[in-house]
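Just so you know, these numbers come straight off a predicted model, no measurement behind them.
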Amino acid sequence: MVNGLEREGAFAMFSDDELREFSGVKRVGDYVEVTCGCTSRRFGDAVGRLRVFVNGCLEITCDCTPGCEEDKLTPAAFEKHSGRETARKWKNNVWVIVNGEKVPLFKTVLLKYYNQVSKSANGSQNGRACHRDEFVRCTKCNKERRFRLRTKEECRFHHDAVADANWQCSDLPYDKITCDDEEERASRRVYKGCTRSPTCKGCTSCVCFGCDICRFSDCSCQTCTDFTRNAKD
């Protein structure tokens, strides 16, 4: 079901009626974006933009201050960043605005695909839909560039870049950059989008050993060939 949603894009995720009362709604490619936030008694409201991807992943860009550079945060990381005193309950503490009111995420339809993917992942070793971000080093400027692995298309971009012995910054298919652009700060590179912890160095939640999203039947490399052969057995 998840792969089918990916082919149809963000417009297949929720109906217009389901999103009608949400604030800041945008449908872009493979995700739906809405205004979100988290409230701390000490610091007040931290506002952000929640993106719900067709593969079930959730990602928040923080707009708590004009100069805040925190983006691609998991809801749990956003909850912590906001200074919420009772953290670890992001489904209750992270809210969206529905019909002008703050509504906890767990009371909305926005977790429909997140819950679906979580159940699928718990039942299958290779069924995980979320993958951690990865980096590829440019052979020209020696800078590392981030690859997001949220969709099958993004996984293919990364897969082909790793296989290209002469990969350069200009080959990045999105976020048009050149070798003159600054490398992502080391303090930001530790954030790789794990659903368990934003600074995770590798766990069963974000390290996938092969699934239909990150392996390709039309690729002749040994990794994809082995996965395709085993999937048929």
Which heavy atom of [X] sits nearest to which heavy atom of [Y], and what is that distance?
| X | Y | answer |
| --- | --- | --- |
| P75 | W90 | CB-CE3, 3.3 Å |
| G210 | C214 | CA-SG, 4.0 Å |
| A46 | C64 | CB-CB, 4.0 Å |
| L172 | K176 | O-NZ, 3.9 Å |
| R146 | D133 | NH1-OD2, 2.8 Å |
| G37 | F78 | C-CE2, 3.7 Å |

Reported [atom1]-to-[atom2] distance for the pair [X] and [Y], which is rounded to 0.5 angstrom:
| X | Y | atom1 | atom2 | value |
| --- | --- | --- | --- | --- |
| L110 | L105 | CG | CG | 6.0 Å |
| F53 | E154 | CZ | CD | 6.5 Å |
| C200 | K192 | SG | NZ | 9.5 Å |
| F227 | C211 | CZ | SG | 6.5 Å |
| D63 | C36 | CG | SG | 8.5 Å |
| D164 | T139 | CG | OG1 | 7.5 Å |

Tell me, please, which residues at least two apart from N99 pass side-chain hydrogen bond (donor to acceptor under 3.5 Å, both in side chains).
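Partners of N99 under the side-chain hydrogen bond (donor to acceptor under 3.5 Å, both in side chains) test: none.
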Between [X] and [Y], is any pair of side-chain heavy atoms under 4.5 Å apart?
| X | Y | result |
| --- | --- | --- |
| T151 | I213 | no |
| K26 | R49 | no |
| Y31 | C57 | no |
| E134 | V162 | no |
| K140 | C169 | no |
| V136 | R145 | no |
| E79 | I60 | no |
| V98 | F22 | yes |

Verdict with supporting geometry, V103 and I97, side-chain contact (heavy atoms from CB on, under 4.5 Å)
CA-CA 6 Å; V103 178; I97 299 176; over 6 Å; no
ILVMFWY network linking [X] to [Y], side-chain heavy atoms under 4.5 angstrom:
| X | Y | result |
| --- | --- | --- |
| V190 | F135 | no |
| V47 | V32 | no |
| L149 | W167 | yes |
| V34 | F14 | yes |
| L50 | L111 | yes |

Walk me through it: do T108 and E21 pass the test side-chain contact (heavy atoms from CB on, under 4.5 Å)?
CA-CA 11 Å; T108 73; E21 304 298 334; over 6 Å; no
Using side-chain contact (heavy atoms from CB on, under 4.5 Å) as the criterion, list what pairs up with [X], not counting sequence neighbours.
| X | value |
| --- | --- |
| D160 | R156 |
| R188 | E70, D71, E184, R185, Y191 |
| T223 | R215, C221 |
| N142 | R137 |

Should E33 and R51 count as an ion pair when the cut-off is N to O under 4.0 Å?
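Yes, charged N to carboxylate O under 4.0 Å.
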Sequence-distant partners of H81, ring pair (Phe, Tyr, Trp, His ring centres under 6.0 Å), two or more places apart
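Ring pair (Phe, Tyr, Trp, His ring centres under 6.0 Å) check on H81 returns nothing, list empty.
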Does atom NZ of K107 have more than 12 heavy-atom neighbours, drawn from other residues, nucleotides or ligands, at distances under 6.0 Å?
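Incorrect, the count does not exceed 12.
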K152 and F216: side-chain contact (heavy atoms from CB on, under 4.5 Å), yes or no, with the steps?
CA-CA 9 Å; K152 192 173 185 69; F216 310 95; 3.8 Å; yes
Among H158, H159, H131, exactly one meets ring-ring contact (aromatic ring centres under 6.0 Å, His included) together with F147. Which residue is that?
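Result for ring-ring contact (aromatic ring centres under 6.0 Å, His included) with F147: H158.
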